[in-house]
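Note that ligands are numbered from 1 as they come in the structure, with each ligand's atoms numbered from 1 the same way.
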Amino acid sequence: MTFMPKSPQAGLDRILTLELVRVTERAAVAAARLRGRGDEKAADQVAVDAMRSELNRLPIQGTVVIGEGERDEAPMLYIGEEVGLGEGPAVDIALDPLEGTTICAKNLPNSLAVIAIAERGSLLYAPDVYMEKIAVGPGYPEGIVNLDAPAAENIENLAKAKGVPVSEITACILDRPRHARLIEEVRATGAAIRLIGDGDVAGVIHTTDPDNTGIDIYMGIGGAPEGVLAAAALRCIGGQMQGRLQLNTEEKVARAANMGISDPNKIYLMEEMASGDVLFAATGVTDGNLLAGVKFGRDSIQTHTIVMRSSSRTVREIKARHQDLEKF
Ligand code: VTB
């Protein structure tokens, strides 16, 4: 009988961590070739194709739970699509082959290729609606931010916990008309705001390293799928996040109910959006505050990826030089 050492950690096979890097690297390189061309759709399409073909080499029985859209509106990587070799662990997958299609098309900072893999049943099956979000990085007392509290209270509590005046706090908010009031409230506290055009997965991740990114807190309404991806990332690095789906029509309430959501006003904690063992990877497409974008050299392509796992809280950064250019 062969001796099978017991894995020190339950959950997903850790080999998958590095496999995931290939998946986001591929998607990022494909999208990066179309940076700055003003064609969001084309950039997204090549990223989707690349991510899907790489995912289908993994020894998993994967189901896309957060993807490119519902089955009838997205031909590939739609919600419910089965991916992987069909052997190995049964996993749920949240993905965005190109998060920030517009930023990529304009060649602005912080577009990413992202994926999260979790044990089956441990990601929130969120419909493609808006989600109100609030997030901070690690090192703060539990409950320091709260979606039900006024923005000013959250900012002031955060400043106190960080031990700085409110004027040294920066909030990241999507630049949208719907945020006019939020922006006014935050500015009235004396805090600064970084307004971003898109890319709130990066916005949330940036709160985990304020010294490098200059962002302490993420606030506002963005996509629910991006919310689940961001929660998966924070589970691995540490931090706190809350999200509330914006189910403001009967139709949205019904769609959410179909996905198993019975309380339309529920505030989801990070651990409820991404529970169990979670792996997360993101590769920079355009240059950003945490990740460099893809660099095309004469004889090689360079990528920069962050990959992490919730059960061990290991965060790795992988700068790769790819020389077998035919593969890309
Ligand atoms: C945000 C942003 C994404 O969608 O989640 C946003 O982070 C929300 O939707 O990059 P609106 O653009 O309608 O405000 C994205 O822009 C992706 O589509």
Identify every side-chain donor-acceptor pair in residues 213-233 under 3.5 Å, counting partners at least two apart or on other chains, and give the distances.
from	atom 1	to	atom 2	distance (Å)
Thr213	OG1	His206	O	2.7
Thr213	OG1	Asp209	O	3.0
Thr213	OG1	Ile215	N	3.2
Asp216	OD1	Lys162	NZ	2.7
Asp216	OD2	Thr170	N	2.8
Tyr218	OH	Asp200	OD2	3.2

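Among all heavy-atom pairs drawn from Ile261 and Leu124, the shortest one is CD1-CD1, 4.4 Å.
Around ligand 1, the residues contributing at least one heavy atom under 4.0 Å from the ligand are Glu99, Gly100, Tyr130, Leu174, Arg176, Arg178, Asp198, Gly199, Asp200, Gly222, Gly223, Glu226.
Cation-pi contact between Arg35 and Phe296: absent, since separation from the ring centre below 6.0 Å together with deviation from the ring axis within 45° is not met.
For Glu73, the CD atom sits in a packed shell: over 12 heavy atoms of surrounding residues, nucleotides or ligands are nearer than 6.0 Å.
A donor-acceptor pair shorter than 3.5 Å cannot be found between the side chains of Ser275 and Ser122.
Between Glu251 and Arg255 there is a salt bridge, since at least one side-chain N of the basic residue sits less than 4.0 Å from a carboxylate O of the acidic one.
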